[in-house]
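Beneath this line is the structure, given in structure tokens, with notes to follow.
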Amino acid sequence: MEAVHDHHAADHDHHQPSGLMRWITTTNHKDIGTMYLWFSFIMFMVGGAMSMVIRAELFEPGLQFISPERYNQMITLHALIMVFGAIMPAFVGFANWMIPLQIGAPDMAFARMNNWSFWILPVAGSMLVGSLLAPGGAAGTGWTLYPPLSVQSGMGMDMAIFGIHLLGMSSIMGSINIITTILNLRAPGMTLMKMPLFSWTWLITAYLLIAVMPVLAGAVTMLLTDRHFGTSFFSAAGGGDPVLFQHIFWFFGHPEVYIIALPAFGVISEVIPAFSRKPIFGYASMVYAIASIAIISFFVWAHHMYVTGIPLTGQLYFMYATMLIAVPTGVKVFNWVATMWRGSLSFETPMLFALGFLFLFTLGGFSGLVLAITAVDVQLQDTYYVVAHFHYVMVAGALFSAYAGAYYWLPKWTGHMYNETLGKWHFWLSLIFFNMTFFVQHFLGLAGMPRRIPDYALQFADFNRISSLGAFGFGLSQLLFLYIVIKTIKGGKKAEANAWGDAPGLEWTVPSPAPHHTFEVPPVIK
Amino acid sequence: MNVTMNTLVKWLSATALGLMLLPGTASAAWQLNLSPPVSHAGFVAYELHNFMTLICLVIFIGVFAVLGYSLYAHRKSKGHKAAGFHENLAVEIAWIAVPFVILVVMAVPATKALLDLRDASEPDITIKATGYQWKWGYDYLKGDGEGVHFMSVLATPRDQIEGKEPKGEHYLLEVDNPVVVPVNKKVRILTTANDVIHSWSMQEFGIKQDAVPGFIRDAAFKAEKEGTYRGQCSELCGKDHGFMPIVVEVVSAEKYAAWVDEQKKKMAAAMGDPNKVWTLDEMKAYGEKVYTTNCVACHQANGKGIPGAFPALDGSKIATGPNADHINRVLNGKTGTAMAAFGNQLSDTDIAAVITYERNSWGNKTGDLIQPAEIKAARK
Amino acid sequence: MSQQASRYFVPQPSHWPIIGSLALALMGAGAVMWVNKVAAGPYSVAAGFCVLVYMLFGWFGTVIRESEGGKYSKLVDGSFRWGMSWFIFSEVMFFAAFFGALFYTRTLSVPDLASADNLGLLYPHFSDMWPSAGPGFKDKFTPMAAWGIPAINTLLLLSSGATLTWAHWGLLKNKRAQLTIGLILTILLGVTFIYLQATEYAEAYSHLNLKLTTGVYGSTFFMLTGFHGFHVTLGATMLTVILFRVMSGHFKPDHHFAFEAVAWYWHFVDVVWLLLFVLVYWL
Ligand code: HEA
Ligand code: HEA
Ligand code: CUA
Ligand SMILES: [Cu+2]
């Protein structure tokens with residue numbers, strides 16, 4: 001199939017700025033995708049460096065490197081940067097690059113706004129990182145920003161609030177763009193039920209984002225007015241309630257974790273069939289599962305608030321609703337396994353990361369299910385068990401999936417094959433060190449070690465040391481990825497149009513690297 | 001089931017950890033499960049956790065055994081050719097239905113356990129636990145010991161935390177005044193807070209309850225075994241969140257009665273004589289003690305505070321200006337900031353002392369001496 | 001080729017987005033300084049705002065030129081429609097957060113503050129009723145009555161919705177006079193609404209002792225009605241832009257998405273007001 005028509009009119013490329021201006025003014029989804037991906041990796045290094053500070057402080061009991069207030073700022077920024085600066089932009093980067101290619105569109109629906117969505121991020125990111133220098137330091141409230149603690153804090157908190165406003169604007173614009181592109185710009189014949197699952201997950205994710213980012217914006221706006229303009233949303237003396245903030249925050253926060261997880265599911269649903277050489281099993285049930293996860297995710301938020309004193313009926317309802325999410329998530333896990341079943345499996349790096357994802361995400365899902373049981377959560381809430389749970393789903397889940405996607409599509413982006421041996425090293429080191437870092441944290445949590453503390457009792461010392469050593473190893477292993485990517489950009493074996501031989505999807509019908517403009521004439525979908 | 005579970009967990013983790021050679025591992029036993037419970041609710045939660053973990057483990061092993069086989073048997077390198085199937089309605093319905101049934105099986109004991117946990121009816125003793133930045137205040141409201149109240153502050157010396165001194169056995173888990181309760185009596189804990197949200201938790205009793213400022217929440221337990229139990233504040237409450245432990249001593253009825261007597265005597269003694277007239281040196285010396293237990297966390301021992309977060313008192317306008325402003329700030333605090341109203345935490349004597357101390361320490365040389373009577377007058 | 005090219009529209013590189021980001025950076029940094037009483041704050045916000053206005057003029061100017069230049073195909077028009085609908089959905093969710101807060105305080109936190117345990121230990125004299133400014137509020141205040149200005153405002157906004165629709169009919173039937181008059185009427189009604197709302201606020205502050213700081217009632221009242229008023233202002237501004245465009249001969253019966261987008265927005269603001277009227281003022 002002749003998919004690329006590189007004879008686009010000369011008038012298109014008249015005033016293409018070059019150098020830095022090319023990136024600043026670009027309206028090309030591939031350029032913007034690239035910028036998102038680099039931005040996210042830089043933020044990942046920054047957030048990761050903060051986690052190294054955290055793990056260094058926790059290496060042994062006692063206060064060694066940073067003061068308790070700095071410690072609190074570190075965990076807050078680590079989380080905000082990882083979630084909003086690293087993982088989310090990484091998947092938006094994938095979306096920008098791949099959605100138009102997957103659905104046969106020439107670009108995103110609103111190409112200029114697309115550029116703006118990206119260029120808001122560095123502003124917001126600098127605001128967050130820069131808050132470390134504010135008088136009194138950054139927000140030290142945890143990424144959950146609970147009042148009244150967040151009402152007490154200094155200027156750093158305001159920087160976090162406005163930073164979050166900006167991140168929200170960026171996400172909302174980005175999501176409007178993605179939804180519109182998918183709903184309106186699919187090539188003729190590309191029906192929704194033929195669309196690749198990665199695009200499907202993003203359609204639903206973008207919907208989630210538009211639904212909950214404004215709610216977060218509302219929550220932090222109330223925080224701002226409580227801080228500076230004398231409102232009483234979160235103060236009992238004025239008839240408000242600190243717990244109200246938690247409700248609003250988690251109404252955003254729980255869907256947010258699926259905003260992180262769904263695109264990860266999407267990537268995995270592309271990679272597994274490609275390396276199983278077999279179509280995805282249960283395409284339709286995958287789509288329904290994604291949709292059900294998204295819908296249920298709006299009704300489970302108070303499982304983060306079991307111990308705030310919500311009524312018994314609330315605890316029961318939220319427990320049952322939360323447990324229910326295991327069903328559609330299970331459908332996905334089983335479908336992936338069935339896709340591999342009797343396939344013709346090979347284990348290149350993307351597949352290895354996908355398998356790592358599958359294994360460890362499921363583990364993280366199970367610890368989530370344990371936390372969903374209210375009486376058990378009462379024991380584990382705010383302990384390291386929770387920290388272990390969410391790093392399993394977000395690091396071994398979302399991050400591993402992002403690596404799977406990056407290795408999978410690197411040939412399409414750069415035109416070169418990455419170094420397979422190094423890729424495998426990256427995977428195995430990550431896998432081992434990841435588990436060393438976070439598996440033991442389950443035990444710490446079970447033994448009662450609270451999260452968000454810079455110093456701990458002696459019985460927690462051994463596991464913390466193991467965890468810290470693992471974290472340093474994990475961090476160093478990530479440098480390998482940087483090296484591999486740069487090396488691949490610079491050169492390497494030329495990639496075919498279909499770099500993996502017979503991977504499915506329109507993106508593999510265009511040459512590698514993908515030309516600057518693709519599908520200016522819609523491809524024919526059989 | 002309990003025993004199998006523990007062995008299984010231990011065995012699995014021991015294998016995992018055995019692979020990692022660790023220099024200088026201390027000898028402390030590695031606790032791999034929840035602490036052994038001593039209350040009914042704690043016990044139920046403990047069992048439930050084991051039950052959940054076991055089911056999850058079984059499913060996990062089941063799913064990944066199938067996958068493992070596939071990874072082995074269906075390799076391309078072995079020449080396996082891909083089959084073409086990509087859906088099967090019956091299977092797909094089955095793996096919706098079976099997990100659902102499993103969830104229902106989980107939900108039944110989970111519901112029972114929760115009902116047990118939330119039962120705070122007909123307590124023998126009611127204690128109010130108030131979270132302060134960063135200490136706990138306890139008031140025995142009803143039952144034996146009614147009227148007893150005290151503050152409970154971390155007892156670990158600063159030098160241990162900063163590594164200037166070897167760490168003690170109960171490092172960070174020790175307080176000056178533990179909560180004391182009689183064994184086998186139902187205790188209802190009411191939680192609230194003075195400034196930000198804290199959380200009162202004790203794993204062995206199976207409870208954790210946030211302390212929300214301006215609201216009263218409750219939890220209940222009946223400890224069935226004497227002993228000393230240690231927990232920690234479990235909601236991020238600022239700088240010293242990691243340094244506000246909770247210690248509960250469960251004692252026999254007789255010991256409890258004796259403890260109550262002792263507390264009442266102590267409280268009477270601590271009231272002091274509000275009309276006593278103090279000398280400057282006496283006041284400063286006592287004030288330093290009050291300062292060290294209540295104010296150093298923020299304003300620091302050198303009175304310099306933490307720039308940007310907590311103001312210096314050394315040279316501060318308030319601490320060197322008119323007495324009335326200073327008294328007002330300490331009595332009533334400043335809303336919206338971490339500076340709490342100490343009027344309801346400290347006695348007239350304490351406040352007079354700490355203010356006198358602040359006005360005559362570091363670079364502050366006002367020479368002012370505040371008497372308890374002045375504080376009494378300043379209270380509205 | 002030209003047929004095909006007009007199916008999609010991929011714009012040239014543009015410097016407007018980065019100027020927009022600069023504006024946001026100035027405004028964000030300025031707002032942080034302002035609320036922390038740093039002198040540069042207001043200036044930075046003002047500068048950012050000017051840059052933002054410049055950007056909006058430039059960006060929308062480009063879009064309008066492209067639109068009038070016939071560069072937008074039916075497909076592009078469809079994109080705009082989806083885009084605007086989802087934007088309005090995001091606005092709905094923003095208001096939902098504040099309505100949620102109102103619902104929560106009325107049905108949960110205020111009753112909870114007056115529950116038995118609380119009364120016994122914290123607030124002996126607090127009673128559960130709405131409006132409430134909480135147990136710590138010692139003054140007296142008068143809540144805003146529904147059947148004065150708010151009722152008039154409801155009528156104003158409802159009729160503005162009608163006049164706007166009437167203007168739209170005019171546009172569809174190519175009756176330009178009806179279109180212009182309808183738009184002018186709508187804008188006038190909107191401006192009157194804002195004026196009345198301002199009077200109401202002045203009244204609240206000067207006579208009713210009802211302020212932003214009047215406990216949770218004041219907080220929810222002013223934040224909800226305030227954000228709504230802000231949206232009316234925005235809508236009226238956009239309508240004015242549309243009016244100027246109409247007067248310069250823009251829009252055709254079959255090609256006038258900008259008009260419709262603003263109309264949708266205006267109706268959305270209407271609906272929010274109805275909810276406000278019922279939930280904030282009336283019940
Ligand atoms: C990517 C992010 C992500 C994902 C996908 C999840 C998924 C889940 N999470 Fe997690 N969670 C977080 C991120 C995430 N979480 C974060 C960040 C926090 C902490 C926030 C903070 O406080 O800072 C948190 C906290 C958190 C809590 C609160 C803990 C506490 O603070 O006390 C709870 C409690 O219910 C919970 C539950 C769950 C459940 C039930 C799932 C389910 O979706 C999991 C479903 C998956 C499976 C169950 C596995 C696969 C299924 C099968 C193989 C089918 C068969 C299985 C059965 C029938 C059992 N999570
Ligand atoms: C997607 C989100 C995400 C990701 C990817 C991570 C990644 C990591 N996280 Fe994070 N984390 C959160 C989200 C995330 N985290 C959240 C939401 C919280 C809760 C915060 C709160 O309580 O409010 C949290 C909290 C949290 C804690 C608990 C703190 C506390 O409660 O006191 C810890 C402690 O171990 C931790 C560790 C780590 C580590 C070691 C990594 C590693 O995976 C990171 C590895 C990456 C790098 C290291 C960067 C790349 C390498 C370099 C820059 C080279 C330099 C390297 C060396 C010097 C070795 N995280
Ligand atoms: Cu008190 Cu944490
Ligand atoms: Cu959740």
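Lettering of chains follows the sequences in order, A, B, ..., and the numbering in each one begins at 1. Quick caveat: nothing in here was measured; it's all calculated off a predicted structure.
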Inset, instruction - Would you indicate whether F85(B), at its atom CZ, is surrounded by more than 12 heavy atoms from other residues, nucleotides or ligands within a distance under 6.0 Å? - result: yes

Legend entry - Options V370(A), D377(A), L312(A), ranked by heavy-atom pairs under 4.5 Å with chain B, top entry: L312(A)

Legend entry - Residue, of V151(A), L149(A), V331(A), that accumulates the most heavy atom pairs under 4.5 Å with chain B: L149(A)

Inset, instruction - Using the six-membered ring of Y72(B), assess whether NZ or CZ of R75(B) lies under 6.0 Å from its centre and within 45 degrees of the ring axis. - result: yes

Inset, instruction - For the pair Y146(A) and F245(A), name the ring-plane relationship: parallel under 30°, tilted 30 to 60°, perpendicular over 60°. - result: perpendicular

Inset, instruction - Pick whichever of Q203(B), R217(B), E162(B) has the most heavy-atom pairs under 4.5 Å with chain A. - result: Q203(B)

Inset, instruction - Look at the aromatic rings of H49(B) and Y385(A) and report parallel, tilted or perpendicular, splitting at 30° and 60°. - result: perpendicular

Inset, instruction - Count the heavy atoms belonging to other residues, nucleotides or ligands that lie under 6.0 Å from OH of Y317(A), then report whether that count exceeds 12. - result: yes

Inset, instruction - Between chain B and each of R70(A), Q379(A), M449(A), count heavy-atom pairs under 4.5 Å; write down the option with the most. - result: Q379(A)

Inset, instruction - Would you name the heavy atoms of I161(B) and Y171(B) that are closest together and state the gap between them? - result: CA-OH, 3.3 Å

Inset, instruction - Using non-hydrogen atoms and a 4.5 Å limit, figure out which bit of D116(B) sits close to chain A: side chain, backbone, both or neither. - result: neither

Inset, instruction - Pick one of side chain, backbone, both or neither for L71(B), based on which atoms fall under 4.5 Å of a heavy atom in chain A. - result: both

Legend entry - Cation-pi check, K76(B) onto F275(A) ring (under 6.0 Å, within 45° of axis): no

Inset, instruction - Quickly, which of T144(A), L145(A), T308(A) forms a side chain to side chain contact (heavy atoms under 4.5 Å, CB included) with Q246(A)? Name it, please. - result: T308(A)

Legend entry - Best-contacting candidate, K278(A), Q381(A), Q64(A), M340(A), against chain B by heavy atom pairs under 4.5 angstrom: K278(A)

Legend entry - F334(A) versus chain B, the contacting section by heavy-atom distance below 4.5 Å: both

Legend entry - Heavy-atom contact with chain B under 4.5 Å, split by part of L369(A): both

Legend entry - Options H80(B), K78(B), Q232(B), ranked by heavy-atom pairs under 4.5 Å with chain A, top entry: H80(B)

Inset, instruction - Against chain B, label I310(A) side chain, backbone, both or neither, depending on which of its atoms sit under 4.5 Å from a heavy atom there. - result: backbone

Legend entry - Heavy-atom pair count under 4.5 Å with chain B, highest-scoring of G365(A), P61(A), S276(A), S150(A): P61(A)

Legend entry - Pair R452(A), H241(B): side-chain N/O donor-acceptor within cut-off below 3.5 Å: no

Inset, instruction - For residues A193(B) and A211(B), report the shortest heavy-atom separation together with the two atoms involved. - result: CB-O, 3.4 Å

Inset, instruction - Please look at L173(B) and chain A and tell me whether the side chain, the backbone, both or neither of the residue comes under 4.5 angstrom of a heavy atom of that chain. - result: side chain

Inset, instruction - For chain A, find which of N88(B), T111(B), D218(B), I306(B) contributes the most heavy-atom pairs closer than 4.5 angstrom. - result: T111(B)

Inset, instruction - Tell me, for P307(B) versus chain A, whether the close heavy atoms (under 4.5 Å) come from the side chain, the backbone, both or neither. - result: backbone

Inset, instruction - Would you mind telling me which of L67(B), L172(B), L236(B) has the largest number of heavy-atom pairs within less than 4.5 Å of chain A? - result: L236(B)

Legend entry - Residue part contacting chain B, namely of D455(A), when any heavy atom lies under 4.5 Å: both

Inset, instruction - Classify the angle between the aromatic ring planes of F64(B) and F60(B) as parallel (below 30°), tilted (30 to 60°) or perpendicular (above 60°). - result: tilted

Legend entry - Residue, of D382(A), L444(A), I453(A), V333(A), that accumulates the most heavy atom pairs under 4.5 Å with chain B: D382(A)

Inset, instruction - Take the angle between the ring planes of Y69(B) and H74(B) and call it parallel below 30°, perpendicular above 60°, tilted in between. - result: perpendicular

Legend entry - Q209(B) and T191(B): side chain donor to acceptor below 3.5 Å: no

Legend entry - Part of I96(B) within contact of chain A (heavy atom distance under 4.5 Å): both

Inset, instruction - Please look at V66(B) and chain A and tell me whether the side chain, the backbone, both or neither of the residue comes under 4.5 angstrom of a heavy atom of that chain. - result: both

Legend entry - Structural part of Y71(A) lying under 4.5 Å from a heavy atom of chain B: neither

Inset, instruction - Measure S35(B) against the heavy atoms of chain A and call it side chain, backbone, both or neither at under 4.5 Å. - result: both

Legend entry - P454(A) versus chain B, the contacting section by heavy-atom distance below 4.5 Å: side chain

Inset, instruction - Tell me, for D226(A) versus chain B, whether the close heavy atoms (under 4.5 Å) come from the side chain, the backbone, both or neither. - result: neither

Legend entry - Contact winner vs chain A - E235(B), M339(B), K81(B), heavy-atom pairs under 4.5 Å: E235(B)

Legend entry - Heavy-atom pair count under 4.5 Å with chain A, highest-scoring of A113(B), G42(B), G242(B), G238(B): G238(B)

Legend entry - Test ring-ring contact (aromatic ring centres under 6.0 Å, His included) applied to F443(A) and F463(A), Y384(A), F460(A), the passing residue: F463(A)

Legend entry - Atom group of A457(A) that falls short of 4.5 Å from chain B, counting heavy atoms: both

Inset, instruction - Kindly write out the residues that satisfy salt bridge (charged side-chain N to carboxylate O under 4.0 Å, His left out) with E348(A), not counting sequence neighbours, or none if the list is empty. - result: none

Inset, instruction - Determine whether P242(A) and P213(B) make a side-chain contact, defined as any pair of heavy atoms from C-beta on separated by less than 4.5 Å. - result: yes

Inset, instruction - Heavy-atom distances under 4.5 Å only: say whether A289(A) touches chain B with side chain, backbone, both or neither. - result: neither

